[in-house]
Amino acid sequence: MLDLRLVIDNLEEVRKGLARRNPEAVAPLEAIAELAAARREAIVAAESHAARRNAANQEMSKLPKQSPEFAQRRDELKSLSSELKELEHKRDEIEARIQQVLLGVPNLPDPSTPDGSTSEDNPVVHTWGEVPKFSFEPKAHWDIGVNLGILDFERASKLSGPRFSVLFGAGARMERALISFMLDLHTREHGYREVLPPFLVKDTALRGTGQLPKFEQDLFKTSKADPDKTYDLYLIPTAEVPVTNLHADEVLEAEQLPIAYAAYTPCFRSEAGSYGKDVRGLIRQHQFDKVELVRFCAPEDSAAQLELLTSHAEKVLQKLGLHYRVVQLCAGDIGFSAAKTYDLEVWLPGLSAYREISSCSSFGDFQARRAAIRFRPGKGQKPRLAHTLNGSGLAVGRTLVAILEQYQQADGSVTVPEALRTYMGTDVIRPGN
RNA sequence: GGAGGAGUGGCCGAGUGGUCGAAGGCAGCGGUUUUGAAAACCGCCGUAUCGCAAGGUACCGGGGGUUCGAAUCCCUCCUCCUCCGCCA
């Protein structure tokens with residue numbers, strides 16, 4: 001969420017920044033200046049009224065309760081009091097409306113986020129490794145995996161419908177191996193603290209990171225098991241949600257920062273709008289595994305923290321020997337809450353294309369304001385909003401896809417990347433494994 | 001699922017419907033004293049919001065209500081604890 005004061009004091013600049021995302025992002029802003037003025041008026045009206053009532057009540061408390069003066073004052077105050085209630089309701093209504101507007105406004109792109117409107121406009125930052133060469137026509141992972149008997153889409157749809165998958169044998173083992181490998185790398189070599197959060201969260205958590213209120217259609221919502229519960233739970237679309245909200249409504253100590261968490265979770269996405277894209281294979285599933293990296297830091301530090309975080313995600317691909325490139329998302333392509341984003345795109349020989357395998361973003365104080373994540377810069381100093389960052393480190397299913405495709409052999413087997421062999425207990429996957 | 005109990009400032013903990021943003025203690029910060037430290041003593045010590053400021057307003061788990069006035073009374077929800085039952 002953007003700061004109301006920032007918005008009204010710098011309306012033109014905010015408008016320009018949001019317009020870099022797309023022209024429509026500016027629309028909700030139109031009402032805000034007027035609402036802000038109304039808000040101030042309503043606050044002043046209510047509070048001066050309250051001040052009068054409080055003073056009158058103060059005097060009243062000194063009068064003897066049985067005296068005629070007491071009764072007279074009480075009758076006078078009755079109307080003052082009900083007027084106050086009305087003024088307060090009016091004020092609350094305006095504040096709620098402002099909140100509603102503000103919650104729907106995306107983050108301002110960072111100045112270093114390049115102009116552009118679609119993924120076509122994302123500049124390539126750098127490329128790692130070489131496009132693997134094959135002496136045969138490389139297959140897509142769904143053929144490789146099904147032929148090996150480690151991947152089954154038909155049985156998955158019998159169980160759960162489209163966009164689910166079942167892993168068998170070496171496939172299931174590799175998924176588990178990748179999770180362990182990634183967590184071990186980040187906790188042992190990159191200094192992250194492992195965390196295993198809940199996979200179901202309240203709407204407040206989703207509001208904190210920015211998925212709600214705008215993107216409810218992308219989420220799986222559970223229905224009430226207990227009709228008396230006043231809130232519903234949602235399946236997490238990413239570990240970003242529970243892990244970032246770990247520190248919601250907290251004031252962190254400056255010495256604690258930066259805080260770095262690595263979390264494995266399954267992720268659940270309904271992606272109502274995305275049917276027709278990536279219909280085959282493991283790329284776009286309703287359920288997938290991901291190891292997520294989340295960082296909290298002081299505002300001055302967040303630019304450097306994003307570079308660091310991205311390098312940690314890259315390290316996974318490098319250790320696995322997977323060819324990839326890094327692109328920076330342009331203003332039109334960054335997510336709702338993000339200020340700046342690098343995507344890691346791994347090479348998929350079966351598709352002859354680079355596909356996103358990690359997205360590393362800094363959010364400035366956008367999420368911190370929504371979730372009330374603050375830190376105390378020093379002894380006796382006022383709390384300030386922290387900055388939050390996160391990135392996939394990595395999407396596990398897509399990593400499995402990249403390994404199957406980049407390490408496939410002419411005979412249909414798949415070589416296990418060096419780094420994974422101790423986790424897998426084998427150096428090759430053949431049919432029947 | 002059943003039966004009870006409890007939520008107050010960073011922590012502990014008092015609080016009769018008005019003088020309570022809230023006693024007291026601990027922790028923390030500043031000072032006096034000291035060669036230095038400890039101890040003792042003195043002072044400071046929540047957050048948000050409106051305002052140039054003085055100052056105002058709001059917050060005692062959340063929301064609603066009663067009242068001229070609510071930390072205090074009522075309703076409701078949430079969370080935690082204890083006991084019983086069930087369960088991986």
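We use all heavy atoms of the structure for the numbers below, so side chains are in, but hydrogens, waters and symmetry mates are not. Naming: A, B, ... by sequence-line order, numbering from 1 per chain.
U47(B) and C11(B): their P atoms are spaced 13 Å apart (whole Å). Comparing the C1' positions of G13(B) and A27(B) gives a spacing of 14 Å, expressed to the nearest Å. Comparing the same atom, C1', in C78(B) and in G85(B) gives a spacing of 24 Å after rounding to whole Å. Taking atom P on both nucleotides, U76(B) is separated from G5(B) by 15 Å, rounded to a whole Å. Rounded to the nearest Å, the gap between the P atom of U72(B) and that of U19(B) is 14 Å. Taking the C1' atom of each, C12(B) and G69(B) are spaced 31 Å apart, rounded to whole Å. Straight-line distance between the P atoms of A39(B) and G46(B): roughly 23 Å, to the nearest whole Å. To the nearest whole angstrom, the two P atoms, one in A88(B) and one in G61(B), are 39 Å apart.
Look at CE on M60(A): it is 15 Å from C1' on A70(B), rounded to the nearest Å. Atom CG in L87(A) sits about 15 Å away from atom C1' in G56(B), given to the nearest Å. When rounded to the nearest whole Å, the span between CZ of R369(A) and P of U49(B) equals 10 Å. Nucleotide G46(B) holds its C1' atom 8 Å from the CZ atom of R376(A), rounded to whole Å. If you take NE2 of H49(A) and P of C50(B), they are 21 Å apart, rounded to a whole angstrom. Put simply, NZ on K202(A) is 15 Å from P on C77(B), counting in whole angstrom units. Protein atom CZ of R40(A) is 15 Å distant from nucleotide atom C1' of G56(B), rounded to whole Å. Atom-to-atom, CG of L84(A) to C1' of A58(B) comes out at 12 Å; the value is rounded to the nearest Å.
Residue R39(A) places at least one side-chain N or O under 4.0 Å from the OP1 or OP2 atom of C50(B). Of the side-chain N and O atoms in R91(A), none sit less than 4.0 angstrom from OP1 or OP2 of U49(B). Neither OP1 nor OP2 of G17(B) sits under 4.0 Å from any side-chain N or O of N57(A). The shortest distance between the side-chain N/O atoms of N54(A) and the OP1/OP2 oxygens of U57(B) is below 4.0 Å.
Among the protein residues, R52(A) comes within range of no part of the nucleic acid, since none of its heavy atoms lies under 4.0 Å from any strand. Residue Q58(A) is classed as a sugar-phosphate contact, given heavy-atom separations below 4.0 Å to backbone atoms only. The residue D75(A) sits apart from the nucleic acid: no heavy atom pair falls under 4.0 Å. At a threshold of 4.0 angstrom between heavy atoms, the contacts of R374(A) are confined to the sugar-phosphate backbone, with no base atom among them.
Proximity note for S81(A) (side chain, C-beta onward) versus U47(B), U66(B), C68(B): the nearest is C68(B). Counting only heavy atoms from C-beta on, K85(A) has its side chain closest to U67(B) among C68(B), U47(B), U67(B). Relative to the side chain of V44(A), the nucleotides U67(B), C50(B), U19(B) differ in distance, and C50(B) lies closest. Which of U57(B), G69(B), C50(B) sits closest to the side chain of A51(A) comes down to U57(B). For E47(A), the listed nucleotide lying nearest its side chain is G56(B); candidates were G56(B), G69(B), U47(B). Distances were taken from every side-chain heavy atom of P383(A) (C-beta onward) to each of C50(B), U47(B), C68(B); the shortest belongs to U47(B).
Side-chain contact, Y234(A) with E216(A): a donor N or O sits under 3.5 Å from an acceptor N or O. If you check the side chains of N107(A) and S337(A), you find no donor sitting under 3.5 Å from an acceptor. In this structure, a donor-acceptor pair under 3.5 Å is absent between the side chains of R163(A) and Q285(A).
A 3.5 Å limit on both hydrogen-bonding distances identifies no Watson-Crick or G-U partner for A88(B). Pairing for A53(B) is absent, judged as Watson-Crick or G-U wobble with the two contacts each under 3.5 Å. Pair check for A40(B) finds U32(B); Watson-Crick or G-U wobble, both atom distances under 3.5 Å. Of the nucleotides present, U82(B) is the one that pairs with A3(B) by Watson-Crick or G-U wobble criteria, both distances under 3.5 Å. With a 3.5 Å ceiling on both atom-pair distances, the Watson-Crick or G-U wobble partner of G18(B) is C68(B).
With the nearest nucleotide of RNA chain B identified for both H89(A) and S48(A), S48(A) has the one nearer the 5' end. Looking at which nucleotide of RNA chain B each of E95(A) and E88(A) is closest to, the 5′-most match is held by E95(A).
In this structure, R284(A) does not pair ionically with E356(A), as no charged nitrogen and carboxylate oxygen lie closer than 4.0 Å. One finds a salt bridge joining D184(A) and R188(A) here, because a Lys/Arg side-chain nitrogen approaches an Asp/Glu carboxylate oxygen to under 4.0 Å. For E88(A) and K85(A), the salt-bridge test fails: no basic side-chain N is under 4.0 Å from an acidic carboxylate O.
Checked by atom type and distance alone, the side chain of R193(A) never pairs as donor or acceptor with a backbone atom of Y261(A) at under 3.5 Å.
Ring-plane geometry between F164(A) and H286(A) is classed as tilted, the angle between the planes lying from 30 to 60 degrees on a 0 to 90 degree scale.
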